[in-house]
S.K.: 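Okay, here's the structure, questions in a sec.
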Amino acid sequence: QRYRPRENQAVNRWWMCDDGRLTYKVLNEGRCEAPLRRGEEVPGSDVLDEIAAILREAGAGEGALAVLSPEMSNESLYAAKSFFERFLPLGKVVAGSLEPPGPEDDLLRRSDPYPNRRGCEALGLWVDDLKPVLARGGKLAIFVQSDLIDHDPSVRAMALGFEKRIALATNLSETTAVADLVYPVTPHSECDGTFTNFAGRVQRFRRGMTPRGDALPVMEILRRVGASSGHDFGWVNLNAIWKEMARTVPGLAGLSPAAIGDQGIEMGPAGGLNAPGEGA
């Protein structure tokens, strides 16, 4: 029902902006709690099998697009990028948003409304303008925690320009309404992970609540879809994906729970992580 700030002298000291305190509302209102096929609830295993079949079909040619969101954790972004690049080798994987910038002050608030734009950039996913990418249309569009139509209704026609649409979503939205298949995703309050703030500081968040309905973390959804197609991606927990990220993502060498701690750790300019207190 509310947020309280974690003390961090390197970031926000003891403070939290008023808007940030109120963002708990989206965790309660209009949640996506059940898998859907064209708006009707269906068993989760059926939806996962259908997603796997659609991906197998789309992977053989061009015209597939996966749109990730700066609302996603570093781990979810990495898992989705790796998964879709393997399943859709001729497709395109990007991250972005159509949410307009907000107000900014000299204390806590920045105009960037996203919790993890820097994480998208570190993984080479960010695009400033999604509309030209969406306007191309194609065989398949996958929206992962991306409420694009809600932020800009004009892209509804662009989304419908894809033959098939899949949404992995935290909340029911105009974007899930145009999807053929929907699977519920846990928000940050119901899973573990990390975000990278605008200054490049990687910080942990931990699950505070039990997942609602059938919701699963993005990483787990993709692991199950992969298993349905006979692929083992090895992401059984966060430790497994942290090891892989530390080995493959520039700036995250040395990533581990101990290194992150409670205060976070800064991405290093030369491809590693600075110890707490080092760097800018």
Side-chain angles (χ1 to χ4, degrees), residues 32 35-37 42-96 119-120 122-127 130 133-134 136-146 148 159 161-170 175-176 178-186 191 193 214-238 240-245 247-249:
C32 178
L36 304 173
R37 181 195 296 122
V42 290
S45 58
D46 290 355
V47 170
L48 295 176
D49 288 343
E50 288 184 51
I51 292 174
I54 291 172
L55 290 174
R56 285 195 299 270
E57 180 182 349
E62 299 180 356
L65 172 67
V67 181
L68 313 184
S69 166
E71 300 287 340
M72 295 167 63
S73 69
N74 289 315
E75 295 73 24
S76 293
L77 288 168
Y78 180 83
K81 178 177 186 287
S82 302
F83 180 91
F84 292 126
E85 285 180 348
R86 196 176 309 182
F87 255 102
L88 306 171
L90 300 179
K92 190 173 184 64
V93 185
V94 300
C120 296
L123 288 168
L125 294 166
W126 186 261
V127 294
L130 284 174
V133 181
L134 292 165
R136 298 170 187 166
K139 292 183 178 180
L140 171 65
I142 305 164
F143 304 105
V144 187
Q145 291 184 248
S146 295
L148 301 179
F162 291 85
E163 296 176 18
K164 294 182 180 179
R165 297 163 298 279
I166 296 170
L168 308 182
T170 299
T175 306
T176 61
V178 303
D180 301 296
L181 297 171
V182 177
Y183 203 94
V185 171
T186 51
C191 63
D214 294 316
L216 293 170
V218 169
M219 180 178 71
E220 178 60 18
I221 294 171
L222 298 179
R223 189 189 69 79
R224 295 187 186 190
V225 171
S228 180
S229 294
H231 294 276
D232 179 10
F233 286 87
W235 302 321
V236 294
N237 54 42
L238 281 182
I241 204 164
W242 276 334
K243 289 179 181 178
E244 192 171 323
M245 290 171 66
R247 188 175 66 252
T248 61
V249 180

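All values below were derived from every heavy atom in this structure, side-chain atoms included, with hydrogens, water molecules and symmetry-related copies excluded.
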S.K.: Say you draw a straight line from CD1 of Ile142 to CD1 of Ile166; how long is it, rounded to the nearest 0.5 Å?
M.R.: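 Ile142 atom CD1 to Ile166 atom CD1 measures 5.0 Å (nearest 0.5 Å).
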S.K.: Using atom types as modelled and distance alone, determine if a side-chain donor or acceptor of Ser146 lies under 3.5 Å from a backbone N or O of Val144.
M.R.: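 Yes, the answer is positive, given that a donor and an acceptor are paired below the 3.5 Å cut-off.
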S.K.: Find the distance between CD1 (Ile51) and CD1 (Ile221) and round it off to the nearest 0.5 Å.
M.R.: 7.5 Å
S.K.: Can you give me the closest heavy-atom contact between Thr176 and Ala169, atom names plus distance?
M.R.: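 That would be CG2-CB, 3.4 Å.
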S.K.: Say you draw a straight line from CG of Leu123 to OG1 of Thr248; how long is it, rounded to the nearest 0.5 Å?
M.R.: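 It is 8.0 Å, given to the nearest 0.5 Å.
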S.K.: Tell me, please, which residues at least two apart from Lys243 pass salt bridge (charged side-chain N to carboxylate O under 4.0 Å, His left out).
M.R.: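 If we apply the salt bridge (charged side-chain N to carboxylate O under 4.0 Å, His left out) test to Lys243, skipping adjacent residues, there are no hits.
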S.K.: Between Ala122 and Val249, which heavy-atom pair has the shortest distance, and what is it?
M.R.: O-CG1, 4.2 Å
S.K.: Which residues pass the side-chain hydrogen bond (donor to acceptor under 3.5 Å, both in side chains) test with Ser229, not counting sequence neighbours?
M.R.: Arg56
S.K.: Taking side-chain contact (heavy atoms from CB on, under 4.5 Å) as the test, write out the residues that go with Pro35, two or more places apart.
M.R.: Val47, Tyr183, Pro184, Asp214
S.K.: Applying ring-ring contact (aromatic ring centres under 6.0 Å, His included), name anything that partners Trp235, two or more places apart in sequence or on another chain.
M.R.: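 So Trp235 forms a ring-ring contact (aromatic ring centres under 6.0 Å, His included) with Phe233.
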S.K.: Show, in sequence, the C-alpha distance, side-chain angles and deciding distance for Arg224 and Leu216, and conclude whether the side chain to side chain contact (heavy atoms under 4.5 Å, CB included) test is met.
M.R.: CA-CA 10 Å; Arg224 295 187 186 190; Leu216 293 170; 3.6 Å; yes
S.K.: Would you name the heavy atoms of Cys32 and Val182 that are closest together and state the gap between them?
M.R.: SG-CG1, 3.7 Å
S.K.: Test of understanding: with salt bridge (charged side-chain N to carboxylate O under 4.0 Å, His left out), list the residues that count as partners of Glu163, not counting sequence neighbours.
M.R.: none
S.K.: Could you give the side-chain donor-acceptor pairs of residues 82-91 under 3.5 Å, partners two or more places apart or in another chain?
M.R.:
from  : atom 1 : to    : atom 2 : distance (Å)
Ser82 : OG     : Tyr78 : O      : 3.0
Glu85 : OE2    : Lys81 : NZ     : 3.4

S.K.: Which value, rounded to the nearest 0.5 Å, describes the distance between Lys139 atom NZ and Ile54 atom CD1?
M.R.: 13.0 Å
S.K.: Would you name the heavy atoms of Leu238 and Gly193 that are closest together and state the gap between them?
M.R.: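 Looks like CD1-N, 4.0 Å.
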S.K.: Could you list the residues that satisfy side-chain hydrogen bond (donor to acceptor under 3.5 Å, both in side chains) with Asp46, not counting sequence neighbours?
M.R.: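 Partners of Asp46 under the side-chain hydrogen bond (donor to acceptor under 3.5 Å, both in side chains) test: none.
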S.K.: For Asn237, give me all partners under side-chain contact (heavy atoms from CB on, under 4.5 Å), at least two apart in sequence or on another chain.
M.R.: Asn239, Ala240
S.K.: Check Leu134 against Phe143 and note the closest heavy-atom contact, atom names and distance.
M.R.: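 Smallest interatomic distance, heavy atoms only, reads CD2-CE2, 4.0 Å.
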S.K.: Looking only at heavy atoms, what is the nearest atom pair of Thr175 and Leu148, with distance?
M.R.: OG1-N, 3.2 Å
S.K.: For Ser73, give me all partners under side-chain hydrogen bond (donor to acceptor under 3.5 Å, both in side chains), at least two apart in sequence or on another chain.
M.R.: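 Ser73 satisfies side-chain hydrogen bond (donor to acceptor under 3.5 Å, both in side chains) with Glu75, Ser76 only.
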S.K.: Listed by chain and number, what are the salt bridge (charged side-chain N to carboxylate O under 4.0 Å, His left out) partners of Glu50, not counting sequence neighbours?
M.R.: Arg37
S.K.: Could you tabulate the donor-acceptor pairs under 3.5 Å formed by side-chain atoms of residues 62-71, not counting sequence neighbours?
M.R.:
from  : atom 1 : to     : atom 2 : distance (Å)
Ser69 : OG     : Glu71  : N      : 2.9
Ser69 : OG     : Gln145 : O      : 3.0

S.K.: Which residues pass the side-chain hydrogen bond (donor to acceptor under 3.5 Å, both in side chains) test with Arg165, sequence neighbours left out?
M.R.: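 None.
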